[in-house]
Amino acid sequence: SASGLPIDKITIVLGALGVGIGLGLQSIVNNFVSGIILIFDRPLKVGDSVEVGGRFGRVKEIGLRSSTLATIDGADVIIPNGDVLSQHIVNWTLGNTFQRIELSLTILSSDERETVMPIIKEVLKSSERVVQKREPLVLVDHINNGEMTLKIFFWCDDVLKNDLAKSEVLYRLHQAFKENEIYTK
């Protein structure tokens, strides 16, 4: 009051400034506390293959403010830790690195079932990327106009190599069907 400025107006300005700073720091404090929770609770760790908020990659770093995912496309995605904890986390490698793959094939003749099933199982057994401990499953999905659609389920040994495993199995099936004159759609 000695300077001639009204104290009540300075108090209002300082109060507004304090509220603004508090709201601005809210996100930073949220991310910091979330980082501490991630470090101690460990729902994910460096090296895990995870999906967070539609982003898929391998955890590269977990910091106090943010975490970094290395995507299969080569990008590093920095995600604030508050976002990591507020969204669903799918950790593909928490218990193991396996992923189930589903293929759909249509055989042009439904009479080929007894020939096709052993060929498919043999191809799946011969693939290096297919987990042999888990039995593959081949189901008839439907039969329509003499065509038979099959659903093939098998387990890949590495979640990051599921496209490679699927490609390898499809190519080997194509070759085996060609050798046995089985036609697919």
Side-chain angles (χ1 to χ4, degrees), residues 7-104 121 123-139 141 151-173:
I7 292 183
D8 57 343
K9 292 189 180 181
I10 291 175
T11 306
I12 292 172
V13 170
L14 288 177
L17 185 62
V19 169
I21 291 172
L23 289 175
L25 290 177
Q26 181 181 7
S27 176
I28 293 171
V29 171
N30 178 26
N31 289 329
F32 181 75
V33 171
S34 297
I36 292 171
I37 291 170
L38 283 175
I39 289 170
F40 288 109
D41 191 29
R42 303 190 53 82
L44 50 98
K45 60 186 181 299
V46 174
D48 281 353
S49 296
V50 297
E51 190 174 339
V52 179
R55 296 179 185 100
F56 180 80
R58 201 168 285 249
V59 178
K60 188 174 180 180
E61 179 185 9
I62 302 172
L64 285 176
R65 191 192 70 74
S66 63
S67 297
T68 305
L69 292 181
T71 67
I72 57 175
D73 297 326
D76 287 343
V77 179
I78 300 168
I79 305 172
N81 288 332
D83 292 351
V84 172
L85 283 183
S86 67
Q87 298 178 23
H88 294 287
I89 301 172
V90 178
N91 191 336
W92 289 96
T93 54
L94 186 63
N96 61 57
T97 60
F98 304 154
Q99 181 181 19
R100 190 173 88 153
I101 296 176
E102 175 184 338
L103 296 176
S104 182
K121 291 201 176 195
V123 165
L124 292 172
K125 283 183 182 178
S126 68
S127 176
E128 296 173 7
R129 301 254 178 246
V130 175
V131 176
Q132 300 302 320
K133 293 187 264 187
R134 297 192 176 187
E135 187 69 26
L137 185 61
V138 181
L139 303 172
D141 191 34
K151 293 280 187 184
I152 303 167
F153 300 95
F154 63 94
W155 291 87
C156 172
D157 64 350
D158 187 349
V159 67
L160 291 178
K161 296 181 181 173
N162 63 356
D163 289 336
L164 186 61
K166 186 176 182 179
S167 174
E168 178 188 331
V169 167
L170 278 173
Y171 181 74
R172 287 182 179 207
L173 284 173

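All values below come from the heavy atoms of this structure, side chains included, with hydrogens, waters and symmetry mates left out.
- Although no hydrogens or angles enter the test, the distance criterion places no donor-acceptor pair under 3.5 Å between the side chain of Ser67 and the main chain of Ile79.
- Summarising the geometry of Arg55 relative to Leu69, their closest heavy-atom pair is O-CD1, 4.2 Å, with the distance given to 0.1 Å.
- When all heavy atoms of Phe153 and Leu139 are compared, the closest pair comes out as CE1-CD1, 3.9 Å.
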Practice item. Please report the C-alpha distance between Val84 and Ile62 in whole Å, then the side-chain angles of each, then the deciding distance to 0.1 Å, and finally whether the side chain to side chain contact (heavy atoms under 4.5 Å, CB included) criterion is met. Key: CA-CA 11 Å; Val84 172; Ile62 302 172; over 6 Å; no
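- At distances below 3.5 Å, not a single donor-acceptor pair connects side-chain atoms of Asp158 with backbone N or O atoms of Thr97.
- Rounded to the nearest 0.5 Å, atoms CG (Asn91) and CD1 (Ile89) are 8.0 Å apart.
- The neighbour count for Arg134 CZ, taken as heavy atoms of other residues, nucleotides or ligands under 6.0 Å away, is above 12.
- The CG atom of Leu137 sits 12.5 Å away from the CZ atom of Phe154 when rounded to the nearest 0.5 Å.
- Taking both residues in full, the closest heavy atoms of Glu168 and Ser127 are given as OE2-OG, 2.9 Å, listed atom of the first, atom of the second, then distance.
- Other residues, nucleotides and ligands place more than 12 heavy atoms under 6.0 Å from the CH2 atom of Trp155.
- Side chain of Asn96 to main chain of Phe98: a donor-acceptor pair is present (N/O by atom type, distance under 3.5 Å, no hydrogens or angles).
- In this structure, Asp157 and Glu128 approach most closely via the heavy-atom pair OD2-O, 3.9 Å.
- The nearest pair of heavy atoms linking Gln99 to Asn162 is OE1-ND2, 2.6 Å.
- Here Leu38 contributes atom CG and Asn81 contributes atom CG; the two are 5.0 Å apart, rounded to the nearest 0.5 Å.
- Heavy atoms only, all atoms of each residue included: Val159 and Phe56 are closest at CG2-CZ, 4.2 Å.
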Can I get a per-line list of side-chain donor-acceptor pairs under 3.5 Å for residues 12-32, giving both atom names and the distance, sequence neighbours left out?
residue	atom	partner	partner atom	Å
Asn30	OD1	Ser34	OG	3.4
Asn31	OD1	Gly82	N	2.9
Asn31	ND2	Ser27	O	3.3

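- No donor-acceptor distance shorter than 3.5 angstrom exists from the side chain of Asp41 to the backbone of Pro43, with no hydrogens or angles considered.
- Looking only at atom types and distance, the side chain of Ser126 has a donor-acceptor partner in the side chain of Arg172 under 3.5 Å away.
- A side-chain donor-acceptor contact under 3.5 Å links Gln132 to the backbone of Val130.
- Interatomic distance, Leu124 CG to Leu173 CG, rounded to the nearest 0.5 Å: 6.5 Å.
- Taking CG of Asp141 as the start and CD of Glu102 as the end, the distance is 8.5 Å to the nearest 0.5 Å.
- Thr93 OG1 to Leu160 CG: the interatomic distance, rounded to the nearest 0.5 Å, is 8.0 Å.
- Contact check on Lys45 versus Asp48 returns a salt bridge, with a Lys/Arg side-chain nitrogen under 4.0 Å from an Asp/Glu carboxylate oxygen.
- Residues Lys121 and Glu135 have side chains in contact (heavy-atom distance under 4.5 Å, counting atoms from C-beta outward).
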